[in-house]
Amino acid sequence: MANENTPAVTDTILNFIGGAYRRGSTGKTFDNFAPATGLRIGTVHEASEADVADAVASAKAALNGPWGKMNTAERVKLISAVATEIERRADDFLAAEVADTGKPRHVASHIDIPRGAANFRMFADVISTTPTESFATATPDGGKALNYVVRKPKGVIAVICPWNFPLLLMTWKVGPALACGNTVVVKPSEETPRTAALLGEVMNAVGMPEGVYNVVHGFGAGSAGEFLTSNPDIDAITFTGETGTGQAIMQKAAVGVRDISFELGGKNPAVVFADADLDKVVEGLSRSVFLNTGQVCLGTERVYVERPVFDELVKRMTVAATAFKPGATGDPAYLGPLISAEHQEKVLGYYARAVAEGATVVTGGGVPAISGDEAGGFYVEPTLWTGLAHDSSVMREEIFGPCCGVIPFDSEDEVIGLANDTDYGLCATIWTENLSRAHRVAASMQVGVCWVNCWFLRDLRTAFGGSGHSGIGREGGVHSLEFYTETENVCVKL
Ligand code: NAD
């Protein structure tokens, strides 16, 4: 029988409120599954509306406690200590993330966990080094005034996260929110509650004042997610997830005119010109299509290839796709499972629909044959299609699986039109050795992020976000400071 201080990474996953682990007040729980095996591995204690209210009240109280009285240097010291403690406990975070997601250990150990720490360290630097603006102003009486800006925390921030990079995407928001002096209530995905819960231990270990970081577990509508976004003491909401969920959250945010930052879905194009270095393309594309089993918001699901190299690229991508080994846990070529049985069903639905929409299945298209412990895992085959119409639903809707449609094009103007013909606008990738074309086409992409001859190369100081249905606002570097602070202009008549 677990007690209130049970460490988060066991089969019992608790809420973290006011610096202490606790069950939900109504005793409700839900199951936590390992996607790699399909087996139940834990029990998550769901937060009730009263628990969420407690978490928000703790976060609000912390603003007026020791945390609210700290200067930037003191806060930065604590936030940097969080980064160091995540690194010290990297094995625990790795175990938690791999259990929840089934992703390959080498992916979590190279991307998820180090980025989790970097998100704290980087924003500790940004808040320490970013100046605020000031203007010397000539006044009508011939004198002068001095205008300068004071940054202040917004207050209590609701942080609502998805399951694909649980620690990375959560700390991407918690890091800057805390650096700016806010307090947070995090609602991790119901699929991946472990690393958010484990971070509570880190906060206590470094001496973070109670109530600064809170975690409530549960679902969206009618559960912790909605309780959080409806709570009037939430001052701003930062959300990463599906576009439809963003719309629901936006309606809640409208009550009380709360600020939002949304990082939403995508249907990202890659554009491959005939002059591209095909070795680099195949290396980059096979990551952008298959990394994390295609469950990457920045992943490529539409590939447009200039006709002279179309056949060659399809041939080489087929070799790359078939090198992945779904279900082979521990193998360097391991392609992990999808997050859940429900998501597996959704992706397989698109696999069937692609055929119905006239696709030629170049490789994959089904469920791999797997025996042993992983037989019950939520695996699908890495899949490539040709022959799909640009306006087919498979080429327009976000699938979030290890698959893409490949379509030929004949001119630069044509491919710019194809790439931009989408409701989404998260990112695009361009492959060409022609420098002028690279800049020209990059500037014409209607997206928040455009990569040229690379993919997912991230500098955390740069603006990140999407246009259209892919999001509202930008985070990263000073852009995060814009969202997580209120700026007050002070005008002094000299
Ligand atoms: P999701 O929208 O289903 O869930 C995200 C979070 O929102 C979960 O914690 C969920 O419980 C919560 N939620 C759901 N309904 C809610 C409601 N009504 N009120 C409050 N909270 C609610 O998304 P997901 O399936 O977890 O993640 C996959 C999606 O996330 C994909 O669309 C992907 O493109 C997107 N994503 C975007 C980015 C980006 O940076 N743009 C990054 C990663 C993932």
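Start at 1 and go down the list; that is how both ligands and their atoms are numbered.
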Tell me the closest heavy-atom pair linking Glu381 and Val367, and the distance in Å. CG-C, 4.1 Å

Enumerate donor-acceptor pairs with a distance under 3.5 Å from any side-chain N or O in residues 260-269 to protein atoms, sequence neighbours excluded.
| unit_1 | atom_1 | unit_2 | atom_2 | d |
| --- | --- | --- | --- | --- |
| Ser261 | OG | Glu475 | OE2 | 2.7 |
| Glu263 | OE1 | Thr240 | OG1 | 3.4 |
| Glu263 | OE2 | Trp172 | NE1 | 3.2 |
| Lys267 | NZ | Glu301 | OE1 | 2.8 |
| Lys267 | NZ | Val394 | O | 2.7 |
| Lys267 | NZ | Glu397 | O | 2.6 |
| Asn268 | OD1 | Cys427 | N | 3.2 |
| Asn268 | ND2 | Cys297 | O | 2.7 |
| Asn268 | ND2 | Gly299 | O | 2.7 |

Report every pair formed by an N or O atom of ligand 1 and a protein N or O atom separated by less than 3.5 Å, giving atom names and the distance to 0.1 Å.
| unit_1 | atom_1 | unit_2 | atom_2 | d |
| --- | --- | --- | --- | --- |
| ligand 1 | 2 (O) | Glu242 | N | 2.8 |
| ligand 1 | 2 (O) | Thr245 | OG1 | 2.7 |
| ligand 1 | 9 (O) | Cys161 | O | 2.7 |
| ligand 1 | 9 (O) | Lys187 | NZ | 3.0 |
| ligand 1 | 11 (O) | Lys187 | NZ | 2.6 |
| ligand 1 | 11 (O) | Glu190 | OE1 | 2.6 |
| ligand 1 | 23 (O) | Glu242 | N | 3.4 |
| ligand 1 | 25 (O) | Trp163 | NE1 | 2.9 |
| ligand 1 | 26 (O) | Trp163 | NE1 | 3.1 |
| ligand 1 | 32 (O) | Glu398 | OE1 | 2.6 |
| ligand 1 | 34 (O) | Glu398 | OE2 | 2.5 |
| ligand 1 | 41 (N) | Leu264 | N | 3.2 |
| ligand 1 | 41 (N) | Leu264 | O | 2.7 |

Assess the pair Phe219 and Phe30: is the distance between their ring centroids shorter than 6.0 Å? yes

Applying side-chain contact (heavy atoms from CB on, under 4.5 Å), name anything that partners Ala59, two or more places apart in sequence or on another chain. Val156, Thr183, Val185, Asn214

Expected list for residues 337-345: side-chain donor-acceptor pairs under 3.5 angstrom, two or more places apart:
| unit_1 | atom_1 | unit_2 | atom_2 | d |
| --- | --- | --- | --- | --- |
| Ser340 | OG | His343 | N | 3.0 |
| His343 | NE2 | Phe400 | O | 2.8 |
| Gln344 | NE2 | Tyr379 | O | 2.9 |

Taking Asp51 for its side chain and Ser25 for its backbone only, find out whether a donor-acceptor pair lies under 3.5 Å. yes

